[in-house]
Amino acid sequence: MDAFAADIGTGPATDHTAGAERRVAYGGLYLWETGGVTVSMAAHSPVVAGQARVAPVYTPPALRGRGYAGAVTAAVSRAAQEAGARQVLLFADLANPTSTALHQRLGYRPVSDHVDIALR
């Protein structure tokens, strides 16, 4: 979680323990392992009104390009559906053609564009 936060620019100042524990408690955190080593992670939110959101999805830079993120994203998406989600949502950076292509291969389709604006 710390590495994911650093990659997206939220910094290491946040303690991610409570968020990880909450995801584990409801069964929404998935780790992908190979050879007994965790190589990727993904989570889904609790199902609310028939919807669940996939986030975060993270693979360390040195392990990218091997299919780990795709495998764990597919697994967590199925798990959300098995938990009762009729719709599984995933916010993605459309400027990243690699992840966009992966999400579309997994069956995700663009629905709407969003812009985050930080006012200081």
Side-chain angles (χ1 to χ4, degrees):
M1 292 291 193
D2 290 341
F4 171 77
D7 267 12
I8 64 169
T10 61
T14 302
D15 182 356
H16 301 283
T17 304
E21 288 174 346
R22 186 178 68 253
R23 288 178 173 103
V24 168
Y26 67 78
L29 179 63
Y30 286 70
L31 302 177
W32 197 262
E33 295 181 346
T34 184
V37 175
T38 300
V39 295
S40 192
M41 71 163 197
H44 69 78
S45 68
V47 178
V48 175
Q51 296 180 329
R53 178 180 174 203
V54 171
V57 176
Y58 182 72
T59 303
L63 299 172
R64 293 178 185 166
R66 302 176 190 190
Y68 301 143
V72 75
T73 301
V76 81
S77 299
R78 277 191 306 275
Q81 290 175 319
E82 290 168 2
R86 292 182 309 279
Q87 294 179 318
V88 181
L89 314 171
L90 188 151
F91 283 83
D93 181 359
L94 293 179
N96 182 335
T98 302
S99 63
T100 299
L102 167 64
H103 298 144
Q104 290 180 351
R105 282 194 308 275
L106 293 176
Y108 286 94
R109 297 291 173 252
V111 175
S112 178
D113 290 335
H114 294 267
V115 175
D116 287 333
I117 299 173
L119 302 174
R120 295 174 195 207

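Atom set for the values below is all heavy atoms of this structure, side chains included, hydrogens, waters and symmetry mates excluded. In this text the structure is predicted, and so the values were computed from the model without any measurement.
Of all non-hydrogen atoms in Ala69 and Thr59, the two that sit nearest each other are CB-OG1, 3.5 Å. Taking all atoms of both residues into account, the shortest heavy-atom contact from Pro61 to Tyr58 is CD-OH, 3.5 Å. Shortest non-hydrogen contact noted between Ala52 and Val47 is CB-CG2, 4.1 Å. Heavy atoms only, all atoms of each residue included: Val88 and Ala80 are closest at CG2-CB, 4.0 Å. The shortest non-hydrogen separation linking Leu106 to Ala74 is CD2-CB, 3.8 Å.
Scanning for salt bridge (Lys or Arg N to Asp or Glu O under 4.0 Å) contacts around Arg64 gives Asp7, with sequence neighbours left out. In this structure Thr73 satisfies the side chain to side chain donor-acceptor pair (under 3.5 Å) test with no other residue, sequence neighbours excluded.
One distance of note links CG of Leu90 with OG of Ser99; it measures 8.5 Å at 0.5 Å rounding. In this structure, CD on Gln87 lies 11.0 Å from CD on Gln81, to the nearest 0.5 angstrom. Distance OH/Tyr26 to NE2/His44: 6.5 Å, rounded to 0.5 Å.
There is no path of hydrophobic side-chain contacts, each under 4.5 Å, that joins Val72 to Leu29. Put simply, Val54 and Tyr30 are part of the same group of oily side chains (I, L, V, M, F, W, Y) that touch within less than 4.5 Å, one to the next. Under the 4.5 Å side-chain heavy-atom criterion for ILVMFWY residues, no single connected hydrophobic cluster contains both Trp32 and Phe4.
Side-chain contact between Tyr108 and Leu102: absent, with no pair of heavy atoms (C-beta onward) separated by less than 4.5 Å. By the 4.5 Å heavy-atom criterion applied to side chains, Arg23 and Pro56 are counted as neighbours. With contacts defined as side-chain heavy-atom distances shorter than 4.5 Å, the pair Ile117/Leu119 qualifies.
Ser45 contributes a side-chain N or O that, together with a main-chain N or O of Arg53, makes up a donor-acceptor pair within less than 3.5 Å. In this structure a side-chain-to-backbone donor-acceptor pair under 3.5 Å is present from Arg109 to Gln104.
Each of Val37, Thr34, Val39, Thr38 was checked for a side chain to side chain contact (heavy atoms under 4.5 Å, CB included) with Leu63, and the lone residue meeting it is Val39.
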